[in-house]
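Whatever order the structure lists them in is the order used to number ligands and atoms, beginning at 1. Numbers for residues simply follow the sequence, beginning at 1. Below, each value reflects all heavy atoms present in this structure, side chains not excepted, and no hydrogens, waters or symmetry copies. Fair warning: this is a prediction, and the values are worked out from it, not measured in the lab.
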Amino acid sequence: MSTLSYVIAGSEATGGAGLQADLKTFERLGVYGVGTITCIVSFDPKAEWGHRFVPITGSVIADQIEAATQAHDLDVVKIGMLGTPETVSTVAESLKKQSWRHVVVDPVLICKGQEPGAALDTDNALRSEILPLATVVTPNLFEAQTLSGMDAIVTVDDLAEAARRIADLGPKYVVVKGGAGLPGDEAVDVLFDGTEVTVLRAPKIGDERVSGAGCIFAAAITAELAKGASVGDAVQTAKDFAHAGIVGRVTTNAPFAAVGWQG
Ligand code: PXL
């Protein structure tokens, strides 16, 4: 049990996703957040909000991880956007320097500001170097399709099949998020624990994807695990937290509402 949670992720300059949303989620769930920054993303309002993406140098990332892990007794970590194969390797090497009770990986695969070729290299590096270290991984539909190699995911059975295939890559627990993209009027997620599949359901709130929802979901799982929850309970609490955040986002249209902050 810990009152600290650690996150290694990208900065997202609007404050609605990435490291900023993760730290706010930690705070709202009662754990002290420690953050390491891997890249800086600033959406470009002049170009349909495309991503401008700047990676942080590997040695600077390694230095931050060294400082954070030496200063604090950290035993749970969330991994968010990494962005380059070099960053993936740096983070994987740094993580291996200590043991972790939980490594929660949000496998953020695409960033529109990147070359498709570079993104593919990053996906492959994430698959081979980070997923084997994960205890929990939380892909969305697109990420689940990429990581599982499935042609399409359209039913709850497909979600479960994707989760089983992704578990073969190393993580102990896989949560595949159906989100807004799965047909039907419910937001359905499946949790696979290596043996059993649990289906979690909530009413869909609109058809639009909400920026930051995936970040705060994985961050909430991390905070709950830090406090000593089981993975099943952490995932349910995180789903409730993200649901409330999406309701706030949709009803107030404020990006920061994704972390449940109503101002
Ligand atoms: O929501 C995924 C995400 C994670 N991390 C960073 C991002 C984004 C999406 O834009 O910018 C830094």
- Please could you name the atoms of ligand 1 that Phe43 approaches to less than 4.0 Å, counting only its heavy atoms? 10 (O)

- Message: Out of all atoms in ligand 1, which are within 4.0 Å of some heavy atom of Val41? Include the element for each.
- Response: 11 (O), 12 (C)

- Query: For the residue pair Thr87 and Ile61, what are the closest heavy atoms and their distance?
  - Reply: CG2-CD1, 3.6 Å

- Pairing residues for Lys46 by the side chain to side chain donor-acceptor pair (under 3.5 Å) criterion, not counting sequence neighbours: Asp44

- Item | Side-chain heavy atoms of Phe26 within contact of Val34, under 4.5 Å | no

- Message: Please find the pair of heavy atoms, one from Lys227 and one from Leu29, that lie closest to each other, and give the distance.
- Response: NZ-O, 2.7 Å

- Atoms of ligand 1 under 4.0 Å from any heavy atom of Met81, numbered from 1 in the order shown, are 5 (N), 6 (C), 12 (C)

- Item | Subset of ligand 1 atoms that lie under 4.0 Å from at least one heavy atom of Gly10 | 12 (C)

- Query: Which pair of heavy atoms, one from Glu143 and one from Thr138, lies closest together, and at what distance?
  - Reply: OE1-O, 4.2 Å

- Looking only at distances, please establish whether an N/O atom of ligand 1 is found under 3.5 Å from an N/O atom of His51. yes

- Tell me, with the steps shown, if Lys96 and Glu93 meet salt bridge (charged side-chain N to carboxylate O under 4.0 Å, His left out). CA-CA 5 Å; Lys96 286 184 209 154; Glu93 285 316 305; 3.3 Å; yes

- Message: Check for me whether Cys215 has a heavy atom closer than 4.0 Å to any atom of ligand 1.
- Response: yes

- Query: Closer than 4.0 angstrom: is that true for some heavy atom of Cys39 and an atom of ligand 1?
  - Reply: no

